[in-house]
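This report concerns only the one structure given below.
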2 protein chains.
Amino acid sequence: MDVKTLCLGALSLGDATGYDIKKLFDEAFSHFFAAGYGSIYPALEKLTAEGKVSYDRQQQEKRPDKKVFSLTPAGREELIHDLEATPPREKVRSEFLVLMFFAHLLPPQRLAEVLQEFLDENNKNLKMLEDLEKGDCPPGIKFTIRYGLATTRAAVECIEQSRDALLREVYSTQFAQ
Amino acid sequence: MDVKTLCLGALSLGDATGYDIKKLFDEAFSHFFAAGYGSIYPALEKLTAEGKVSYDRQQQEKRPDKKVFSLTPAGREELIHDLEATPPREKVRSEFLVLMFFAHLLPPQRLAEVLQEFLDENNKNLKMLEDLEKGDCPPGIKFTIRYGLATTRAAVECIEQSRDALLREVYSTQFAQ
DNA sequence: ACAATATATATCTAATTGATATATATCATA
DNA sequence: TATGATATATATCAATTAGATATATATTGT
């Protein structure tokens, strides 16, 4: 699965500009699939060349001109085919856990800062997801929100429970390197 | 933070070949930072050119020859500097949650399969992490294991609680597209 | 005897990231 | 009123990465 498939999925929700699709990646998709302009615009170009999407160029008076993309029937078929063919994997790249893994190489104050920054960021994510949960939306989308809430709450609880012991034990001579 | 930093980190644990480092990525680092040969060997080459690591070529009788890499003092400084400078972010790419988000476009049997496959994979990860937790290791590493256990258990519980309702509600006419 | 797996070195292509560029606005602040 | 920040839009680019593939030496399991 790649950014092209997610762009097709975005357009299955309604016509959109590249800029709109980026906003979907930054909001609705943000807790499970990130993408930037560097992959969105090339994906839209390729999908257009392949006949999976089409666009209508619209002039605006007080804003730059825009391209409004639409899914074609071929694009909808491609989306469904890609979704059916995708194995349900999850890939994580956590700089936070890398820092914990090598915690003994960080000064104590920085380690404490890192834990606090990560907690703060997760608490922000929780608020964002809690707000999303209040809204009315399809069951599959609701599921992704609840999943995000469950795993983020578990992360926060784990950190809150462990951080004091971690800060004490990391520098004990038994393990210091 | 990139694969070079993780290679430096791997070598801070002890001298290793490229093949050994790949095994670390597949095992100890696997739940928070994946990397393949396509980035490991080029990273080692660059670090060697920069004087951050050095290697000893060893002939073997019944195996191909190997390069055993070591961290240099400059490499150790670079590692510590990189760790201190890294903000504690987490990036997730979850094809599973993409499939849930667009669940209404999947046939019911495939949706049920996807949920089961993902559950099975997570239960495997739990066993692997539970085995790791039994071992003796530094507090920072122990923390990464417990964090992985907490978030994976939360994911499994969320899916077990929600899957039946999800399978029922996804195709109800209120939301069907 | 053969297939699978382990131990080793890599390379390569396509995709992605994150920064950057350009251009038109509105909004907030001093 | 001027300036900086932000929003709305289109993109591109260099460095990095993923995942497949290649080559070569073994051992292990069926």
Side-chain angles (χ1 to χ4, degrees), chain A residues 1-8 15-27 29-30 32-50 53 55-69 82 86-87 89-95 98, chain B residues 1-8 10 15-27 29-30 32-50 53 55-69 82 85-87 89-95 98:
Chain A
M1 173 176 284
D2 58 14
V3 170
K4 284 163 67 189
T5 307
L6 264 290
C7 287
L8 292 175
D15 295 354
T17 63
Y19 184 81
D20 290 330
I21 292 173
K22 169 74 159 111
K23 280 198 288 182
L24 267 174
F25 275 104
D26 288 348
E27 295 159 5
F29 300 164
S30 68
F32 56 82
F33 204 109
Y37 293 121
S39 33
I40 292 169
Y41 283 106
L44 289 172
E45 183 152 350
K46 248 185 173 184
L47 290 167
T48 305
E50 290 166 6
V53 308
Y55 66 85
D56 180 38
R57 186 186 291 269
Q58 290 179 7
Q59 265 182 323
Q60 301 195 111
E61 280 196 28
K62 298 183 168 210
R63 295 267 191 264
D65 295 352
K66 62 182 183 184
K67 290 171 164 171
V68 182
F69 289 88
D82 285 354
T86 295
R89 284 188 304 243
E90 222 173 58
K91 288 177 208 142
V92 173
R93 177 162 289 197
S94 176
E95 289 163 346
V98 172
Chain B
M1 173 176 281
D2 58 12
V3 170
K4 283 162 67 189
T5 306
L6 264 289
C7 288
L8 292 175
D15 294 354
T17 63
Y19 182 81
D20 291 330
I21 293 173
K22 170 72 161 112
K23 280 198 289 184
L24 268 176
F25 275 104
D26 290 348
E27 294 158 9
F29 301 163
S30 67
F32 55 82
F33 204 108
Y37 294 119
S39 31
I40 293 170
Y41 283 103
L44 289 171
E45 182 151 353
K46 246 185 175 186
L47 290 166
T48 304
E50 292 168 4
V53 307
Y55 67 86
D56 180 38
R57 186 186 290 271
Q58 291 178 8
Q59 263 182 322
Q60 300 194 112
E61 279 197 30
K62 297 184 166 207
R63 293 264 192 271
D65 294 352
K66 63 182 184 183
K67 289 172 165 171
V68 181
F69 290 88
D82 285 353
T86 296
R89 285 188 302 242
E90 223 173 55
K91 287 179 211 141
V92 174
R93 178 162 290 195
S94 174
E95 289 161 347
V98 172

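In the text below, chain A, chain B and the rest are named by the order of the sequence lines, each starting its count at 1.
The nearest whole Å value for the distance from the OH atom in B:Y37 to the P atom in D:dG19 is 14 Å. The CG atom of A:D26 sits 15 Å away from the C1' atom of D:dA9 (whole-angstrom rounding). Summarising the geometry, the separation between CD on A:E61 and C1' on D:dT8 is reported as 15 Å, rounded to the nearest angstrom. One can place CG of A:L44 at 15 Å from C1' of C:dA15, the figure rounded to the nearest angstrom. B:Y41 has its OH atom 7 Å from the C1' atom of C:dA10, to the nearest Å. Atom pair B:D65:CG and D:dA26:P shows a separation of 11 Å (rounding to whole Å applied). The separation between B:K22 atom NZ and D:dA20 atom P is 11 Å, rounded to whole Å. Nucleotide D:dT16 holds its P atom 15 Å from the CG atom of B:L6, rounded to whole Å.
Nucleotides of DNA chain C nearest to B:V68 and A:I40 differ in position, and the one nearer the 5' end is that of B:V68. Nearest-nucleotide assignment on DNA chain C puts the 5′-proximal partner with B:G18, out of A:M1 and B:G18. Map A:P42 and A:P64 each onto its nearest nucleotide of DNA chain D; the residue landing nearer the 5' end is A:P64.
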Q) Run the side-chain contact (heavy atoms from CB on, under 4.5 Å) check on B:F33 and B:V3 step by step: do they pass? A) CA-CA 9 Å; B:F33 204 108; B:V3 170; 4.2 Å; yes
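The listed nucleotides are C:dT16, D:dA18, D:dT10; the one nearest the side chain of B:S39 is D:dA18.
Within 4.0 Å (heavy atoms only), A:A43 reaches no atom of the nucleic acid at all. Note on B:K23: only backbone sugar-phosphate atoms sit closer than 4.0 angstrom, heavy atoms only; bases stay farther off. Residue B:R93 is classed as a sugar-phosphate contact, given heavy-atom separations below 4.0 Å to backbone atoms only. Here B:K91 lies in heavy-atom contact (under 4.0 Å) with sugar-phosphate atoms only. The residue B:K46 sits close only to the backbone: its heavy atoms come under 4.0 Å of sugar-phosphate atoms, none of a base.
Taking only side-chain nitrogens and oxygens, B:K66 comes nearer than 4.0 Å to OP1 or OP2 of C:dA8. In this model, the phosphate group of C:dA8 is approached by a side-chain N or O of B:Q60 to a distance below 4.0 Å at OP1 or OP2.
The aromatic rings of A:F32 and A:F29 lie tilted to each other, with the angle between the two planes from 30° to 60°.
With a 4.5 Å cut-off on side-chain heavy atoms, A:L6 and A:F25 count as touching. Counting only heavy atoms from C-beta outward, the side chains of B:E50 and B:K4 approach each other to under 4.5 Å.
A cation-pi arrangement, defined by a distance under 6.0 Å to the six-membered ring centre and an angle within 45 degrees of its axis, is present between B:K22 and B:Y37.
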